[in-house]
Amino acid sequence: MSAPVDPAAVAAATLGDAGYGLLIGGEWRGAAGGATFAVTNPATGEHLADVPDAGAAEARTAVEAAHAALPDWAATPAPARAAVLRKAAALMLDEQERLATVMTLEQGKPLAEARGEIAYAASFLSWFAGEAERVYGSTIPASAAGKRLLVLRQPVGVAAMITPWNFPAAMITRKLGPALAAGCTAVVKPAEQTPLSALELGRVFARAGLPPGALNLVTCRDPQPFSETIFADERVRKVSFTGSTEVGKLLIRQSADTVKRLSLELGGNAPFIVFADADLDAAVRGAIASKFRNAGQTCVCANRIFVQREVYDRFAELFAAQVAGLRVGNGLDPASVIGPLIDEQARAKVERHVADAIAGGAAVLAGGRPAPVGANFWAPTVLANATADMLVAREETFGPVAPLIPFGDEDEALALANDTPFGLAAYFYTRDVGRVWRVAEGLEYGIVGVNDPIPSTAQAPFGGVKQSGLGREGGPTGINEYLEEKYVSLAL
Ligand code: SIN
């Protein structure tokens, strides 16, 4: 047995007493009037640190700094920009253990997942370092003999990024990597629950040699003044946001007055389909990996598990037995595989969804209640005989709750899976190669995992259709979100 972990002692040893500031124009500074807000550990409720509570004035200063840094950074040769990104990725990996511990302290995810996220976050910097060197333009055959037609690809300009708490490092680098690679400068506002990982990234980039002002970090408790300021500012040419569909719709409206380019990674309602011909053991392992990653708090987590009737009982039995054995606890404890939910609001939503399913006739095969570990913990839950009209199937639960819904044939599975306004990620398990093509093509989603519960990777495009968002991050096209095409027609 390992010794019990003392989260307060780990926090003191990891965070030190250097304190955290806003990063603006290459300087660490406080907010006006010394305003701060507290960052707490969701597993224990303990206070971790105070960070500056910026308002509209600091957001404006950050935009000014990014705007001032833009000409030099955009003119920096691509291999030199790439070298900074590669150096930052290497520094993140050198510091993986400490950065992962900071993340677990403020976000709650098990340390093993946090280490994985630091590597995942660094991989976006390495990938886009390579892409920086391959921003090719093109020539187009002209219809007039005396003309030459060229297409240049240039940075969009100052890019603002609003990032979520569920992946406090990777959702920043998935935006910042391509932005810096393209020659844009950035103003980043991390989620108020998890600003420390973002500020740690700021330190990493400073050590990697990123020029002052190319990255500015603004922390604030209330996102509204920040958001209003950057959307009103003509100098901000691009906004990238990861978060809820509700907020995404608000940002689309806010972007209208200054006609900004937007990338939006919004909510999902991922179907996970198990066909009768699937390798059931693999499907059970996959459903656990997809559903319970980050305690169910990812936009791509399986939200609705559809199981073909012939194998429904067997799958439910195997799945529930394994879920019941998942260890819930503080993410700092190496034995924990399920950490806390981010806050009381998140826990209340999970409770409401489970109560609604039970009232509607679902049977609890595992969990179904809070876990007696701390205020924000919920026992991993399996609900049998769920139906498509329950809250657990209509809304994204964002918690460790797996509703099992039986289906008859392939057409019914596709109809159920597509019956949602969302279209981020979908999964299915089968060994029939014809079905692989039919179902992959029939699913109205931006990402499809076939016998693969974790398709996310820096090399592939990530993004949704329908109300799950606009644009793609990562992959060979991710850098396009931060580039403008300029057509040049030359008469000889
Ligand atoms: C997300 O939840 O939005 C990110 C998940 C991933 O990158 O796999």
Side-chain angles (χ1 to χ4, degrees), residues 92 100 103 107-110 112-128 161-178 188 190-191 193-194 197-198 201 240-248 251 262-272 286-303 339 341-342 346 349 395-401 422-427 445-450 452-475 477-478 481:
M92 286 183 76
M103 187 183 297
Q107 200 278 335
K109 66 178 64 180
E113 283 193 47
R115 286 187 196 107
E117 184 181 335
I118 295 300
Y120 183 43
S123 75
F124 288 106
L125 303 182
S126 312
W127 170 260
F128 283 108
M161 296 155 198
I162 305 175
T163 60
W165 50 261
N166 60 343
F167 287 87
M171 295 306 101
I172 294 179
T173 57
R174 191 153 75 185
K175 300 177 191 308
L176 191 58
V188 177
Q193 296 91 335
T194 55
S197 296
L201 272 183
S240 178
F241 167 74
T242 295
S244 70
T245 295
E246 193 190 344
V247 174
L251 301 189
L262 282 182
S263 297
L264 302 174
E265 298 294 348
L266 308 178
N269 182 359
F272 187 104
I288 289 175
S290 170
K291 174 69 255 182
F292 296 105
R293 179 178 173 215
N294 199 9
Q297 301 173 108
T298 89
C299 302
V300 292
C301 273
N303 199 54
L341 293 160
I342 191 69
K349 181 177 188 188
E395 294 179 11
E396 191 177 29
T397 302
F398 235 63
V401 178
F422 302 100
L424 185 54
Y427 309 86
Y445 288 82
I447 302 162
V448 178
V450 186
D452 180 2
I454 312 281
S456 307
T457 173
Q459 297 92 325
F462 185 103
V465 301
K466 293 157 88 178
Q467 294 192 25
S468 286
L470 299 172
R472 292 293 179 271
E473 296 189 310
T477 53
E481 304 279 326

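Please read these numbers as outputs of a predicted model, since none were measured by experiment. Note that ligands are numbered from 1 as they come in the structure, with each ligand's atoms numbered from 1 the same way.
Put simply, the side chain of Gln107 never gets that close to the backbone of Thr194: no donor and acceptor are under 3.5 Å apart. The backbone N or O of Ala460 lies less than 3.5 Å from no partner atom in the side chain of Thr457, so there is not a single donor-acceptor pair. With hydrogens and angles disregarded, a donor-acceptor distance shorter than 3.5 Å links the side chain of Arg472 to the backbone of Gly464.
In plain terms, the two heavy atoms of Val401 and Lys291 that are nearest each other are O-NZ, 3.0 Å. Of all non-hydrogen atoms in Lys349 and Thr397, the two that sit nearest each other are CD-O, 3.9 Å. In terms of heavy-atom proximity, Leu424 sits nearest to Leu266 at CD2-O, 3.8 Å.
Proximity to Asn166 (heavy-atom distance under 4.0 Å) selects the following atoms of ligand 1: 2 (O). If you number the atoms of ligand 1 from 1 as listed, the ones under 4.0 Å from a heavy atom of Thr298 come out as 2 (O). Ligand 1 places these atoms under 4.0 Å from at least one heavy atom of Met171: 4 (C), 7 (O). The Val300 neighbourhood of ligand 1 comprises atoms 5 (C), 8 (O), with distances under 4.0 Å to a heavy atom of that residue. Counting atoms of ligand 1 from 1 in the listed order, those under 4.0 Å from a heavy atom of Cys299 are 1 (C), 2 (O), 3 (O).
Scanning the protein for heavy atoms near atom 7 (O) of ligand 1, the closest one is Tyr120 OH, 2.7 Å. Atom 8 (O) of ligand 1 has its closest protein heavy atom at Ser456 OG, 2.6 Å.
Under 4.0 angstrom from ligand 1, there are no non-hydrogen atoms of Glu265. Neither the backbone nor the side chain of Glu473 has any atom closer than 4.0 Å to an atom of ligand 1 (non-hydrogen atoms only). Counting heavy atoms under 4.0 Å from ligand 1, residue Ile454 does not touch it at all.
At least one heavy atom of Arg174 sits closer than 4.0 Å to an atom of ligand 1.
Stacking of Lys109 on the aromatic ring of Phe167 is recorded, both the 6.0 Å distance cut-off and the 45° axial limit being met.
Between Glu473 and Lys175 a salt bridge is recorded (basic side-chain N to carboxylate O distance below 4.0 Å).
Considering backbone and side-chain N/O atoms, Arg293 comes within less than 3.5 Å of an N/O atom of ligand 1.
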